[in-house]
Protein chains: 2
Amino acid sequence: MMAPTPADLGIAAEIPVFSGLEPQALAILLGPASIFNLRPGQTLFRQGEPAQAFFVVMDGWVKLYRVTPAGDEAVLNVLTRGESLAEAVTFTSSRYPATASAVTPARVMVIPADHVVACIRQMPDVAIAMIASTSQHLHRMVQQIEQLMAQSATQRVAEFLASLAPRTRGPCTITLPYDKSLIAGRLGLKPESLSRVFAKLRMVGVDVRASNVVVRDMAQLCKLVACDRISGHCPVKPKMMCSQPPAPRAIQPEVKSVPA
Amino acid sequence: MMAPTPADLGIAAEIPVFSGLEPQALAILLGPASIFNLRPGQTLFRQGEPAQAFFVVMDGWVKLYRVTPAGDEAVLNVLTRGESLAEAVTFTSSRYPATASAVTPARVMVIPADHVVACIRQMPDVAIAMIASTSQHLHRMVQQIEQLMAQSATQRVAEFLASLAPRTRGPCTITLPYDKSLIAGRLGLKPESLSRVFAKLRMVGVDVRASNVVVRDMAQLCKLVACDRISGHCPVKPKMMCSQPPAPRAIQPEVKSVPA
DNA sequence: GTCATATTTTGAGCTGGATCAATTCCACCG
DNA sequence: CGGTGGAATTGATCCAGCTCAAAATATGAC
């Protein structure tokens, strides 16, 4: 544990959770911050512990997960440089709902909760920034839930690969950011299943060799996300009353939102 | 759409998202609030629309869900009296990540986003309250992800039932709060599967008749959550280095699936 | 380099939950 | 009361992903 270097503070200014803050405000906010150096496997905090700080990953990879009653672990996210953890809980003076540990050597900035609360009373912008960041996390979880509820393994893997690649159409080379077994966990799969999905993807021009992935055509990969043609899923179900079958139902009082 | 009655304002004071606010602060915050009356099926907001307000359910049930590219819907939550929606997004001036619609006749309070932002600048406590509430939502999603990743259908149903019951041990009667098909969606199941799970639960003293559930022993139901003995799941996996390896595994009650 | 360990892949088989297709149940209405 | 339409149950079958087991491949220590 050590004080952040000026370089660290420079980096912090670029980080999403602090975006939009005046340099002065940021300096005050980060006054009591410090830096943790974690070795692989080391734990930052455990689920159930009182939340006394929130964190920003400066370098390396950190795994956020829950240990289930049965002893399995459910990976919620795997974070790297610039991403923040646990900002919301620190305001509720309650407990961390998950465990975080390093999966590579990692540097993590620690910001004490009580100090952030104090800052908010002086600088409302800090509150807005924290809420915005939390909102991102929520959005991400919403997407993850949708994935788990409604997508096949193949689709989840395709979406994961797509999220690692630039938004191009043609061919593309990707490097897997961490262990395949961790990727599997992150996607709610067993390692064996991930391996088989990779094998299947080879049929549509996705070649996985160690941690190097060569995609023949990104557009095709993205199409997979919407509709898993490999395992024959989904030829666009009709579903619901997307069109208008028998809905004489009154003229929707149109919930146009409130005027500014 | 109408102005909130004094009664509504009184109720609001009791609501989690506003807890801890001074009455005056609350009065200012709710100044421009209004009440929507929704009929079943009517939509409060749709995913992708710009977020301009957040909401508190005053009465009835509101379903929060995502429509997947393939046309399925993934139910994120089903909310009732006192629960709030979309407070975090409204600060990011971005878009709703999900759709909300009424599943029963419902009354919903609408609080314009820009007003809340303005309030925060005057009253930091409002910020704390909003973050705390958002943190609850995050926690809930974390649990839901854990459920989807690591629990069997039976366990999810058991947990759902347990969440509806008082925290007692012995016998207990529960009323299902909404349609079984909606419950199924909320738990990431098809209605047919939910029906079969209920059938299986009858073997452990859980009797479901229409929307009335009679549980012979809550303690037993809760044990199921930790370990699904019905479908033979999980006899406490050794996993990790948690404890002794060759647990003297108790006398398996041997419930092989239904003999034809 | 060689050997030991951990990660990944492959194979074979099983099963939980989905799907498709009837029924049956039940609330509501004339 | 009997009829009508949506909700719920039941049956039969299928298959994606899990499990167990073994082989292959990478990683690292020396």
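Each chain gets a letter, A, B and so on, in the order its sequence line appears, and its residues count up from 1.
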- Message: In this structure, how many angstroms lie between the P atom of C/dC26 and the CG atom of B/Asn212, rounded?
- Response: 12 Å
- Does the separation of the ring centres of A/Phe36 and A/Phe55 fall below 6.0 angstrom? no
- Query: Rounded to the nearest Å, what distance is computed from the CG atom of residue A/Leu148 to the P atom of nucleotide C/dG16?
  - Reply: 20 Å
- Mind calculating the distance between CD (A/Glu192) and P (C/dT8) to the nearest angstrom? 11 Å
- Item | Donor-acceptor under 3.5 Å (B/Asp217 side chain, B/Ala219 main chain) | yes
- Message: Does D/dT9 have its OP1 or OP2 closer than 4.0 Å to a side-chain nitrogen or oxygen of B/Ser195?
- Response: yes
- Could you check if a side-chain atom of A/Val208 sits within less than 4.5 angstrom of a side-chain atom of A/Leu201, using non-hydrogen atoms only? no
- Starting from P on C/dG16, measure out to CD on B/Gln147 and report it in whole angstrom. 19 Å
- Query: Is the count of non-hydrogen atoms from other residues, nucleotides or ligands lying under 6.0 Å from B/Arg167 atom CZ greater than 12?
  - Reply: no
- Message: Nearest whole Å is fine: how far is D/dA16 C1' from A/Gln155 CD?
- Response: 12 Å
- Return the 5'-most residue of the pair A/Arg156, B/Arg196 with respect to DNA chain D, ranking by each residue's nearest nucleotide. B/Arg196
- Query: Hey, can you pull the residues of residues 172-183 of chain B with a non-hydrogen atom under 4.0 angstrom from DNA chain C?
  - Reply: none
- Item | Closest to side chain of B/Ser152, choosing from C/dA18, D/dG11, C/dG17 | C/dG17
- Item | Lys/Arg N to Asp/Glu carboxylate O, B/Arg216 vs B/Asp207, below 4.0 Å | no
- Item | Length of the CD-P vector between A/Gln151 and D/dG17, whole Å | 11 Å
- What is the distance, rounded to the nearest whole Å, between atom NZ of A/Lys200 and atom P of D/dA16? 6 Å
- note: A/Met149, atom CE; C/dG16, atom P; distance rounded to Å ~ 21 Å
- Between D/dT10, D/dG17, C/dG17, which nucleotide has the shortest distance from any of its atoms to the side chain of B/Leu189? C/dG17
- Message: Checking the side chain of A/Thr154 only, and the main-chain atoms of A/Asp228 only, is there a donor and an acceptor separated by less than 3.5 Å?
- Response: no
- Given side chains that start at C-beta, do those of A/Pro69 and B/Cys227 come closer than 4.5 Å, heavy atoms only? no
